[in-house]
Amino acid sequence: AELEQADEQRTNMAGESELSADDRARVDMNLGYLAATANNLQLTAFHYERALDTLERAVQADPTRISTRKVYAQCLGDLGWVRQAERKLEPSVALLRKALEVYSDLLAKTPQDSGMVGDKARFHANLGIVYSTLGDHASALEQYRHGLDTHRKLAAMYPNAPEHQLSCATTQNALGL
């Protein structure tokens, strides 16, 4: 019943056929986020999986479209977070690594996108959490350090953006600094 209601919500948000693949995926990602705030992991996973399916088809259709690949990378990383919450750690690692790979490729083409840089740093930290949970502390440390280095660069570039200072502090806390 909840999944049917979720489909209805998605359709009601805008005419399904009028939305681009990016926008349909964003709607699903937003609905997934809302389901997460209600502690409904099954519904959260459903929406992120549907968004990922939409984005994979869109990337296959046009692999050069940067905006689609950016949303794709974000969806991969967010679904990695969902898998982590579900205690499905190996799939979480695979999704987060794929997100980092896509972001690295995109940042080679658009290095000034601080949003992508921040997401990449966050996904490094999330991957560190997963590795730590798996008991792979060396890999966890490596990922935390990648994340912290990037957060520090962002904090220096944008000193009036407190979210970067907070991200540095959170990552330092994970490192025990």
Side-chain angles (χ1 to χ4, degrees), residues 1-107 113 115-136 139-140 143 147 163 166-167 170-171 174:
E2 282 184 334
L3 297 180
E4 289 172 10
Q5 189 177 23
D7 269 340
E8 187 177 321
Q9 285 176 318
R10 180 184 190 214
T11 302
N12 288 339
M13 289 185 81
E16 184 91 11
S17 62
E18 298 171 18
L19 294 176
S20 70
D22 293 10
D23 289 337
R24 282 194 313 276
R26 282 189 186 101
V27 167
D28 268 320
M29 291 167 68
N30 287 334
L31 290 170
Y33 176 79
L34 290 173
T37 62
N39 293 319
N40 187 334
L41 276 177
Q42 179 185 8
L43 191 56
T44 301
F46 169 79
H47 283 295
Y48 279 103
E49 288 164 1
R50 189 162 65 174
L52 186 60
D53 181 61
T54 299
L55 290 162
E56 284 174 339
R57 284 185 273 121
V59 168
Q60 282 181 338
D62 185 0
T64 63
R65 188 164 181 210
I66 289 177
S67 63
T68 301
R69 293 182 67 224
K70 183 177 175 179
V71 178
Y72 174 61
Q74 182 182 3
C75 186
L76 285 164
D78 289 350
L79 186 55
W81 165 81
V82 172
R83 294 294 181 247
Q84 176 187 349
E86 294 174 321
R87 308 298 289 170
K88 297 177 180 176
L89 301 179
E90 293 301 330
S92 177
V93 168
L95 288 160
L96 289 164
R97 288 186 102 28
K98 180 68 176 174
L100 290 168
E101 178 185 313
V102 174
Y103 272 132
S104 292
D105 183 56
L106 288 170
L107 286 167
D113 190 324
M116 277 197 292
V117 173
D119 281 347
K120 185 177 178 193
R122 180 170 53 94
F123 294 151
H124 273 296
N126 288 353
L127 189 54
I129 292 167
V130 177
Y131 279 136
S132 181
T133 304
L134 287 168
D136 185 350
S139 294
Q143 294 303 317
E163 64 271 16
L166 178 61
S167 294
T170 303
T171 306

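In what follows, every heavy atom counts, from backbone to side chain, and hydrogens, waters and symmetry copies are set aside. Note that the structure is predicted; figures quoted are calculated from it, not measured.
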What's the spacing between [X] [atom1] and [Y] [atom2] if we round to 0.5 Å?
{"X": "R69", "Y": "D62", "atom1": "CZ", "atom2": "CG", "value": "10.0 Å"}
{"X": "L134", "Y": "Q84", "atom1": "CG", "atom2": "CD", "value": "9.5 Å"}
{"X": "R50", "Y": "M29", "atom1": "CZ", "atom2": "CE", "value": "13.5 Å"}
{"X": "D105", "Y": "L100", "atom1": "CG", "atom2": "CG", "value": "12.5 Å"}
{"X": "F46", "Y": "D28", "atom1": "CZ", "atom2": "CG", "value": "7.0 Å"}
{"X": "D113", "Y": "L106", "atom1": "CG", "atom2": "CG", "value": "8.5 Å"}

| Sequence neighbours excluded - salt bridge (charged side-chain N to carboxylate O under 4.0 Å, His left out) pairs with any residue from residues 90-99 |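 Only K98-E101 qualify under salt bridge (charged side-chain N to carboxylate O under 4.0 Å, His left out).
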
Smallest separation among heavy atoms of [X] and [Y], with atom names:
{"X": "S92", "Y": "V130", "value": "OG-CG2, 3.4 Å"}
{"X": "A25", "Y": "A51", "value": "O-CB, 3.5 Å"}
{"X": "P91", "Y": "K88", "value": "CD-O, 3.4 Å"}
{"X": "G77", "Y": "A99", "value": "N-CB, 3.6 Å"}
{"X": "Q60", "Y": "P63", "value": "O-CD, 3.8 Å"}

| Are any non-hydrogen side-chain atoms of T133 and R87 less than 4.5 angstrom apart? |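 Yes, their side chains come closer than 4.5 Å.
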
| field | From CA spacing to verdict: salt bridge (Lys or Arg N to Asp or Glu O under 4.0 Å), D53, R57 | value | CA-CA 6 Å; D53 181 61; R57 284 185 273 121; 2.8 Å; yes

| said: Treating T44 as the side-chain partner and N40 as the backbone partner, does any N or O pair qualify as donor plus acceptor under 3.5 Å? | reply: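 A pair under 3.5 Å: yes.
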
Show me the side-chain donor-acceptor pairs of residues 115-129 shorter than 3.5 Å, one per line, residues at least two apart or across chains.
| unit_1 | atom_1 | unit_2 | atom_2 | d |
| --- | --- | --- | --- | --- |
| D119 | OD1 | R122 | NH2 | 3.1 |
| D119 | OD2 | Y103 | OH | 2.8 |
| K120 | NZ | S104 | OG | 2.9 |
| H124 | ND1 | Q143 | OE1 | 2.5 |

| side chain to side chain contact (heavy atoms under 4.5 Å, CB included) with A45: which residues, sequence neighbours excluded? |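 Residues passing side chain to side chain contact (heavy atoms under 4.5 Å, CB included) with A45: E49, V82, R83, E86.
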
| From L55, T54, V59, residue fulfilling side chain to side chain contact (heavy atoms under 4.5 Å, CB included) relative to V71 |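 Only one of L55, T54, V59 forms a side chain to side chain contact (heavy atoms under 4.5 Å, CB included) with V71, namely L55.
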
| request: Salt-bridge test for R26 and D23: reply yes if a basic N is under 4.0 Å from a carboxylate O, no otherwise. | output: yes

